[in-house]
Amino acid sequence: MTTPIITIDGPSASGKGTIAAIVAHRLGFHYLDSGSLYRLLALHTRQQSIAWDDETRVAAAAISLPAKFIDGHSWLNGKEVSATIRAEHIGNGASQIAALPAVRAALLQRQRDFCAEPGLVTDGRDMGSIVFPMALLKIFLTASQEERAERRYKQLINKGESANLPQIKLDIINRDVRDATRSIAPLRHESDALLLDTTQLNVDQAVEKILMWFQEKQAS
Ligand code: DC
């Protein structure tokens with residue numbers, strides 16, 4: 001029997017990270033937030049003064065990236081950096097380095113190594129299309145740009161950070177365009193992925209829907 005994998009791909013701020021983590025927890029599966037690997041690499045290269053468009057050096061850094069995930073927290077070089085990698089400028093850097101083919105190639109096996117019994121839930125942009133094409137259940141999770149901007153805005157305000165809604169919306173639009181138009185592994189809804197639009201759904205409703213689809217896949 002092959003290890004069951006659920007892939008959840010979708011645009012920035014669609015809520016896929018929150019939903020994927022809960023689904024993993026409910027099933028007792030491992031969880032990989034692939035975006036955080038790109039974010040850790042963006043932070044690491046910035047700390048090493050490697051330019052985000054220097055493909056050769058960023059890819060070399062990816063191969064030896066001193067990153068670890070422990071209990072849902074991200075570590076870089078022995079330091080907990082979970083909050084640091086969530087900063088908007090690191091997200092933008094992650095999006096830039098993610099467009100470099102050599103960088104994606106360097107991170108491929110590292111992502112595949114997260115697949116282990118009893119199963120894996122993973123979220124990102126190309127989890128179902130490139131990294132785990134054999135996944136049992138593939139989901140494309142999205143929400144309208146307005147809704148995603150508002151969620152990100154509320155998240156920042158709740159954290160006590162300053163936030164500017166029009167600017168967040170613009171960032172989301174730009175990130176969507178860059179992630180969807182890059183030549184390698186662009187973000188798109190592949191035909192074998194089930195569409196889950198959460199514009200009108202709360203987290204619990206989205207989680208229940210995914211668990212139901214998973215049961216159906218397992219039974220078929
Ligand atoms: O999901 P996120 O916002 O944490 O991801 C940060 C950036 O990393 C995003 O702009 C695109 C990139 N990314 C990617 O290209 N492929 C993935 N599987 C995950 C993230």
Side-chain angles (χ1 to χ4, degrees), residues 5-21 24 31-46 52-53 55 58-59 61-62 65 67 69 72-74 76 81-115 120-133 135 138-143 145 147-149 151-153 155-156 159 168-190 193 196 198:
I5 301 175
I6 301 176
T7 60
I8 304 180
D9 289 305
S12 176
S14 57
K16 58 190 187 315
T18 307
I19 291 164
Y31 169 51
L32 165 65
D33 164 10
S34 63
S36 63
L37 263 184
Y38 287 91
R39 287 171 181 270
L40 284 162
L41 183 58
L43 177 62
H44 181 61
T45 45
R46 162 150 288 206
W52 283 334
D53 60 358
E55 183 164 7
V58 177
L65 183 67
F69 297 109
H73 297 277
S74 303
L76 183 65
V81 293
S82 311
T84 316
I85 60 168
R86 292 287 130 205
E88 283 303 298
H89 75 283
I90 295 296
N92 285 325
S95 174
Q96 280 177 47
I97 61 172
L100 307 173
V103 172
R104 302 199 75 85
L107 290 180
L108 193 58
Q109 191 55 46
R110 190 156 186 151
Q111 295 172 83
R112 288 184 174 155
D113 289 343
F114 281 85
C115 179
L120 175 72
V121 180
T122 179
D123 77 82
R125 303 295 189 287
D126 61 341
M127 295 296 102
S129 53
I130 310 276
V131 185
F132 300 109
K138 301 181 186 182
I139 291 161
F140 187 80
L141 193 138
T142 190
Q145 284 176 332
E147 179 66 23
R148 286 187 280 133
R151 286 181 192 167
R152 175 66 47 94
Y153 175 78
Q155 223 175 33
L156 290 170
K159 278 198 283 179
I168 291 174
K169 190 164 174 213
L170 203 65
D171 281 349
I172 282 181
I173 293 170
N174 288 337
R175 184 102 59 96
D176 279 0
V177 169
R178 190 160 50 221
D179 290 346
T181 56
R182 66 184 178 213
S183 58
I184 181 163
L187 173 71
R188 63 168 167 243
H189 177 201
E190 301 281 342
L196 185 55
T198 67

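Please read all numbers here as calculations on a predicted model, not as lab measurements. Counting starts at 1 for both ligands and their atoms, in listed order.
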**Item:** Under 4.0 Å from ligand 1 - residues by heavy atom, chain and number
**Value:** Lys16, Ser34, Gly35, Tyr38, Arg39, Arg86, Ala94, Ser95, Ala98, Arg104, Gly124, Arg125, Asp126, Met127, Arg175, Asp179, Arg182

**Asked** Side chains of Ser95 and Arg175: donor-acceptor distance under 3.5 Å anywhere?
**Response** no

**Donor on one side chain, acceptor on other, Gln109 and Asp113, under 3.5 Å** = yes

**Prompt:** Pick from Thr198, Asp176, Thr142: which one makes a side chain to side chain donor-acceptor pair (under 3.5 Å) with Arg148?
**Reply:** Asp176

**Prompt:** Where the side chain of Arg39 meets the backbone of Ile85, is there a donor-acceptor pair that is under 3.5 Å apart?
**Reply:** yes

**Message:** Please check: side-chain N/O of Gln145 versus main-chain N/O of Ile172, any donor-acceptor pairing under 3.5 Å?
**Reply:** no

**Fill in**
CD (Glu190) and CE (Met127) are apart, to the nearest 0.5 Å, by 12.5 Å

